[in-house]
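Values below: every heavy atom of this structure, side chains too, minus hydrogens, waters and symmetry copies. This one's a predicted model, so the numbers in the text were calculated from it and none came from an experiment. Counting from 1, the numbers follow the sequence of the chain as shown.
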Amino acid sequence: MSTWRPRSLGIDPATGKEAFVVARPGGFLAALADAHALEVAAVLVAVVGAVLEAGEASDAELAVLVPPLHAALDECVGMMAVDGGVTQGE
């Protein structure tokens, strides 16, 4: 059994608040949330790649990148799980 969870659509530029939806898989809002998740993951890949390439980051600086990387990876895995009919955590 899959559980639906709130997914981000990004930040509303007018209010500065993050917009969330609980979208049905395959629906329009799910597609928007997927696009946002992939955009966030792509930006994180670029930032982390640049930091690692520079090779001068401290352990503390690298540790700051772990939570957003984990969140982006979790979201992408969740997208793949929905597409493949598998629930997360199984």
Side-chain angles (χ1 to χ4, degrees):
M1 170 187 288
S2 68
T3 58
W4 292 353
R5 60 188 171 126
R7 297 191 58 208
S8 176
L9 291 179
I11 305 295
D12 179 356
T15 64
K17 295 181 180 180
E18 191 166 10
F20 290 93
V21 296
V22 177
R24 291 180 187 220
F28 178 72
L29 291 177
L32 287 177
D34 288 353
H36 176 69
L38 292 172
E39 183 177 328
V40 167
V43 169
L44 280 169
V45 165
V47 169
V48 172
V51 168
L52 292 175
E53 205 171 282
E56 297 180 14
S58 69
D59 288 346
E61 290 169 326
L62 292 173
V64 169
L65 298 172
V66 172
L69 282 171
H70 178 266
L73 182 59
D74 184 52
E75 187 72 21
C76 290
V77 168
M79 289 167 28
M80 292 183 324
V82 168
D83 290 342
V86 179
T87 59
Q88 282 182 278
E90 290 186 348

Partners passing side-chain hydrogen bond (donor to acceptor under 3.5 Å, both in side chains) against Glu39 (at least two apart in sequence or in another chain):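 Expected list: none.
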Using the rule that Ile, Leu, Val, Met, Phe, Trp and Tyr join whenever any side-chain heavy atoms are under 4.5 Å apart, tell me whether [X] and [Y] fall into a single cluster.
| X | Y | answer |
| --- | --- | --- |
| Leu73 | Met80 | yes |
| Ile11 | Val40 | no |
| Val64 | Val47 | no |
| Val45 | Leu38 | no |

Can you give me the closest heavy-atom contact between [X] and [Y], atom names plus distance?
| X | Y | answer |
| --- | --- | --- |
| Pro68 | Leu44 | O-CD1, 3.4 Å |
| Ala37 | Arg7 | CB-NH2, 4.3 Å |
| Arg5 | Gly78 | NH2-CA, 4.2 Å |

With sequence neighbours left out, what residues match Val22 under side-chain contact (heavy atoms from CB on, under 4.5 Å)?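 Result, side-chain contact (heavy atoms from CB on, under 4.5 Å) vs Val22: Trp4, Pro6.
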Could you list the residues that satisfy side-chain contact (heavy atoms from CB on, under 4.5 Å) with Leu29, not counting sequence neighbours?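 Leu29 satisfies side-chain contact (heavy atoms from CB on, under 4.5 Å) with Leu9, Val21, Ala23, Leu32 once adjacent residues are dropped.
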Would the distance check show the side chain of Glu75 and the main-chain N or O of Ala72 forming a donor-acceptor pair, the cut-off being under 3.5 Å?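 No, the answer is negative, given that no donor and acceptor are paired below the 3.5 Å cut-off.
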